[in-house]
Amino acid sequence: MVKDRIIKIYDALSDRYGPQGWWPVIKQIKKGEFGCFYHKNDFSFPKNKDELFEICVGAILTQNTSWKNVEKALINLKNAKMLNCDSIIKANKETIGELIKPSGYYNQKSERLKIFAEWFNSLKKDPTREGLLTLKGIGEETADSILLYGFSIPSFVVDAYTKRILSNLSLINENSSYGEIQRLFESTLPRDFRLYQEYHALLVEHAKHFYMKKQNKEDFLLSLS
DNA sequence: TTCCAGGCAATAC
DNA sequence: GTATTGCATGGA
């Protein structure tokens, strides 16, 4: 049964990789120097509103972009004292674009950050998925990441890795929709944001270890024939 | 040099 | 409704 395997896969990944501590947050290493860190076994993040905003910014910047590049962009913003909602609202797109350049698509992303900041600023209570999805630049995965890691609301995040792993294990069809995959997890697992956070992070970790880049994979297969 | 990365919106059919 | 394309940088 598929649902049993969803549980067993979590246990196996958890045994293999241990606690993940997502979402990584910026921390001061020493005076004037910042780094990005995970926080294993600590689910008390985000600690404040700026940190919450930072997680949302990271979720937008990491769209189709490696996290390493996003870190550079986040640290640029932090050094410029602009990793907060007010600063993003006040700054012009060109200024933001220059700082987030390492994360790619900087013209689109700087506009999307400004749209998001306006919305974030007028937020009175916890957001809904539907509300987030009305924003230009926020699709399903980004909305779920913001809900799950920013607001600690159990909304399972489905990304390209999740799809690839489940498809490889024949647990889903190649062309299953986002919603179908999300429902598979959400109808199987206890509704606990900590579990959802760890599970998604573990899938990404496993994919990074196990799945090789296309070219390397082909070379690997060729070497066996 | 080519390919890829923790997607999304606009456009085309 | 589903398929394709543009967006951009840095690392392997």
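Quick note: numbers below take in every heavy atom, side chains included, and nothing from hydrogens, waters or symmetry partners. Chain identifiers are assigned alphabetically (A, B, ...) following the order of the sequence lines, protein sequences preceding nucleic acid strands; residue numbering begins at 1 within each chain.
For A/P102, the listed nucleotide lying nearest its side chain is C/dG10; candidates were C/dG10, C/dA8, B/dG7. Out of B/dA10, B/dG7, C/dG10, the shortest distance to the side chain of A/Q108 is found at B/dG7.
Under 3.5 Å, the side chains of A/N173 and A/S176 contain no donor-acceptor pair of N or O atoms. Between the side chains of A/Y149 and A/H200, at least one donor N or O lies within less than 3.5 Å of an accepting N or O.
For the pair A/K208 and A/F210, the cation-pi criterion (under 6.0 Å, within 45° of the ring axis) is not fulfilled.
Distances shown here put every side-chain N or O of A/K101 at or beyond 4.0 Å from the OP1 or OP2 atom of C/dG10. Between A/R164 and B/dA5 there is a side-chain polar atom (N or O) within less than 4.0 angstrom of OP1 or OP2. Within the 4.0 Å cut-off from OP1 or OP2 of B/dA5, not a single side-chain nitrogen or oxygen of A/N69 is found. Between A/S66 and B/dC4 there is no side-chain polar atom (N or O) within less than 4.0 angstrom of OP1 or OP2.
For the P atom pair drawn from B/dT11 and C/dA8, the interatomic distance equals 16 Å after rounding to whole Å.
A/I138 comes within 4.0 angstrom of the backbone, heavy atoms only, and of no base. Counting any heavy atom pair closer than 4.0 Å across all strands shown, A/F116 reaches no nucleic acid atom.
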